[in-house]
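Single-structure report; data block below.
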Amino acid sequence: MAKLDSQTPKQDAFYMPAESGPHEAVGLIWPDNLETWRAKALPAQAAFVEVALQIAKTTPVYVYANASSLSSARAQLPEHIQVIAIENNDSWLRDTGCSFLINQEGKRRAVSWKFNAWGGHLAGMYSDWSKDDAVAKQLADCFDSGVYQAPFILEGGAIHVDGQGTCYTTEECLLHPSRNPELSKAQIEAYLKQYLNVDVVFWLPLGLYADEDTNGHIDNILHVVAPGEVVLTWCDDPSDPQYEISRLAERALNSHPDAQGRTITIHKIPMPGPLFMSAKEADSFDAEPHESRYEGVRLAASYTNFLITNQQIIYPLLDPKTDVQAAEVLQQAFPDSQITGIKGGREILLGGGNIHCITQQIPKAS
């Protein structure tokens with residue numbers, strides 16, 4: 001589908017809908033990057049299969065894979081999950097895929113963000129990200145969606161929207177010098193308003209503590225429940241750095257109303273752990289891993305890194321001490337949804353993200 005050059009989504013009245021809206025499908029990318037995934041990526045593949053199977057209970061699932069991994073993906077996934085060839089560098093579809101948009105008539109388009117592997121040559125996770133930078137337009141083609149090309153670097157996990165004019169992000173990520181150093185905060189906010197079609201942006205100062213791979217993505221500390229309502233990672237241990245970060249986030253959310261004049265309702269969800277990479281896990285990489293994968297490194301573990309899809313919440317099981325409490329908070333926030341825990345959540349976490357990071361929803365079009 002052709003690139004749309006003449007207008008921005010806001011000018012054309014297209015907007016990014018809330019994740020809680022109806023989905024036509026959800027996509028994932030098959031994990032096979034041995035710098036990211038340990039033990040020949042086999043544990044990660046099993047975790048991705050678990051995620052795909054649970055999503056498929058309510059929503060069709062598409063899995064995209066490198067040509068070299070098509071047969072492996074097809075062999076491990078059931079027939080009702082489609083496997084499609086798209087070349088990629090790694091399996092973080094939330095960040096490399098397009099963000100889908102709709103309008104009031106139910107038509108669908110997409111926006112492709114510039115991608116530089118979470119930091120480019122200054123702080124990026126790998127040196128060649130050319131395949132990942134091309135994923136967004138291919139994903140849009142799969143769903144016959146015209147594409148707006150945004151003129152700045154952004155990853156999908158760096159933003160959340162409520163579908164009613166409000167966006168949430170972090171200063172730590174979007175103002176990081178490895179993204180768009182030539183742009184001011186006001187210029188970046190102006191771009192967000194044009195390409196997401198929002199009117200108000202909440203800037204949290206920091207993302208989750210130790211989320212160094214992404215420089216503090218919003219989806220690892222906060223998730224939108226509904227317009228005017230969010231889930232926020234919360235820490236009650238004053239000695240933990242996350243304690244103050246969570247309170248800074250709370251103050252930011254209380255600092256002004258959303259686009260519809262609402263005060264934000266906050267559901268506080270416990271932080272698991274803290275969790276750390278074990279020696280066994282660190283030693284099980286078959287290729288030279290990214291520098292953030294070593295024994296004792298604190299993992300950026302969070303229950304807010306979940307997926308909403310068609311009345312189902314898919315969240316990672318990370319810590320027996322807090323898994324049940326997290327499910328209770330999610331059930332309170334989403335009383336009409338099924339809450340599904342994923343046992344492979346730690347395996348995805350070892351790669352540097354979690355369930356929201358590896359998925360991308362495709363909103364229903366008329």
Side-chain angles (χ1 to χ4, degrees), residues 17-31 43-63 73 76-82 91-94 97 156-157 160 208 219-226 229-234 267-273 275 299-351 353-364:
E19 191 174 312
S20 56
H23 296 169
E24 177 178 322
V26 169
L28 300 91
I29 290 180
W30 190 249
Q45 290 170 7
F48 276 52
V49 170
E50 182 188 3
V51 172
L53 289 174
Q54 293 300 331
I55 295 171
K57 291 180 178 179
T58 57
T59 309
V61 175
Y62 295 88
V63 173
Q76 295 183 60
L77 290 161
E79 287 300 318
H80 67 280
I81 293 176
Q82 294 194 48
S91 46
W92 306 105
L93 186 58
R94 177 68 52 180
H160 266 308
L208 189 77
D219 68 355
N220 226 17
I221 189 171
L222 175 148
H223 206 304
V224 175
V225 173
E229 192 173 354
V230 302
V231 172
L232 177 68
T233 296
W234 198 252
H267 300 268
K268 296 173 180 177
I269 198 164
M271 180 189 75
L275 305 179
L299 302 171
S302 167
Y303 293 116
T304 67
N305 207 305
F306 60 84
L307 174 72
I308 310 170
T309 182
N310 293 340
Q311 305 305 121
Q312 186 179 193
I313 310 300
I314 314 288
Y315 85 105
L317 297 173
L318 297 169
D319 185 343
K321 297 190 298 294
T322 47
D323 286 344
V324 174
Q325 185 183 352
E328 291 171 349
V329 173
L330 292 172
Q331 192 68 80
Q332 180 182 23
F334 299 94
D336 299 323
S337 294
Q338 175 184 340
I339 311 300
T340 303
I342 298 296
K343 294 178 181 178
R346 182 179 176 91
E347 202 60 53
I348 304 170
L349 175 61
L350 292 172
N354 226 296
I355 293 166
H356 197 255
C357 303
I358 67 172
T359 55
Q360 182 61 262
Q361 71 276 1
I362 297 89
K364 279 190 176 179

Looking at [X] and [Y], what are the two nearest heavy atoms and their distance?
{"X": "Thr304", "Y": "Ile221", "answer": "OG1-N, 3.3 Å"}
{"X": "Leu307", "Y": "Val26", "answer": "CD2-CG1, 4.1 Å"}
{"X": "Gly351", "Y": "Trp92", "answer": "O-CZ2, 3.3 Å"}
{"X": "Phe306", "Y": "Ile313", "answer": "CD1-CG2, 3.6 Å"}
{"X": "Ala52", "Y": "Leu28", "answer": "CB-CD1, 4.4 Å"}
{"X": "Ala47", "Y": "Gly344", "answer": "CB-O, 3.6 Å"}

Distance from [X] atom [atom1] to [Y] atom [atom2], nearest 0.5 Å?
{"X": "Asp319", "Y": "Arg346", "atom1": "CG", "atom2": "CZ", "result": "9.5 Å"}
{"X": "His160", "Y": "Leu222", "atom1": "NE2", "atom2": "CG", "result": "6.0 Å"}
{"X": "Glu347", "Y": "Ile342", "atom1": "CD", "atom2": "CD1", "result": "13.5 Å"}
{"X": "Leu77", "Y": "Phe48", "atom1": "CG", "atom2": "CZ", "result": "11.0 Å"}
{"X": "Leu208", "Y": "Thr233", "atom1": "CG", "atom2": "OG1", "result": "5.5 Å"}

For Trp30 and Val49, what are the C-alpha separation, side-chain angles and deciding distance, and is it a side-chain contact (heavy atoms from CB on, under 4.5 Å)? CA-CA 9 Å; Trp30 190 249; Val49 170; 3.8 Å; yes

For [X], which residues count as a side chain to side chain donor-acceptor pair (under 3.5 Å) partner, sequence neighbours excluded?
{"X": "Gln311", "value": "none"}
{"X": "Glu229", "value": "His267"}
{"X": "Ser91", "value": "Trp37"}
{"X": "Thr322", "value": "Tyr303"}

With sequence neighbours left out, which residue pairs that include part of residues 49-61 fulfil the salt bridge (Lys or Arg N to Asp or Glu O under 4.0 Å) condition? none

State whether the side chain of [X] and the backbone N or O of [Y] hold a donor-acceptor pair below 3.5 Å, judged by distance alone.
{"X": "His23", "Y": "Thr59", "answer": "no"}
{"X": "Asp219", "Y": "Asn305", "answer": "no"}
{"X": "Asn354", "Y": "Pro316", "answer": "no"}

Kindly write out the residues that satisfy side-chain contact (heavy atoms from CB on, under 4.5 Å) with [X], not counting sequence neighbours, or none if the list is empty.
{"X": "Pro363", "value": "Pro17, Phe100, Ile102, Arg108"}
{"X": "Pro60", "value": "Ala25"}
{"X": "Ala301", "value": "Pro272, Leu275, Leu318, Leu349"}
{"X": "Gln360", "value": "Leu93, Arg94, Leu139"}

Pairing residues for Asp323 by the salt bridge (Lys or Arg N to Asp or Glu O under 4.0 Å) criterion, not counting sequence neighbours: none

Sorted by chain and residue number, the salt bridge (Lys or Arg N to Asp or Glu O under 4.0 Å) partners of Lys268 (sequence neighbours excluded) come out as Glu250

For a quick test of your reading: what N or O donor-acceptor pairs under 3.5 Å do the side chains of residues 324-336 make, sequence neighbours left out?
| from | atom 1 | to | atom 2 | distance (Å) |
| --- | --- | --- | --- | --- |
| Gln331 | NE2 | Phe334 | O | 3.0 |
| Gln331 | NE2 | Ser337 | O | 3.0 |

Apply side-chain contact (heavy atoms from CB on, under 4.5 Å) to the pair Asn310 and Ile55, showing each step before the final yes or no. CA-CA 9 Å; Asn310 293 340; Ile55 295 171; over 6 Å; no

Ile269 vs His223, side-chain contact (heavy atoms from CB on, under 4.5 Å): CA-CA, chis, key distance, verdict: CA-CA 10 Å; Ile269 198 164; His223 206 304; over 6 Å; no

Kindly indicate whether the side chain of Gln361, heavy atoms from C-beta on, has any atom under 4.5 Å from the side chain of Thr309. no

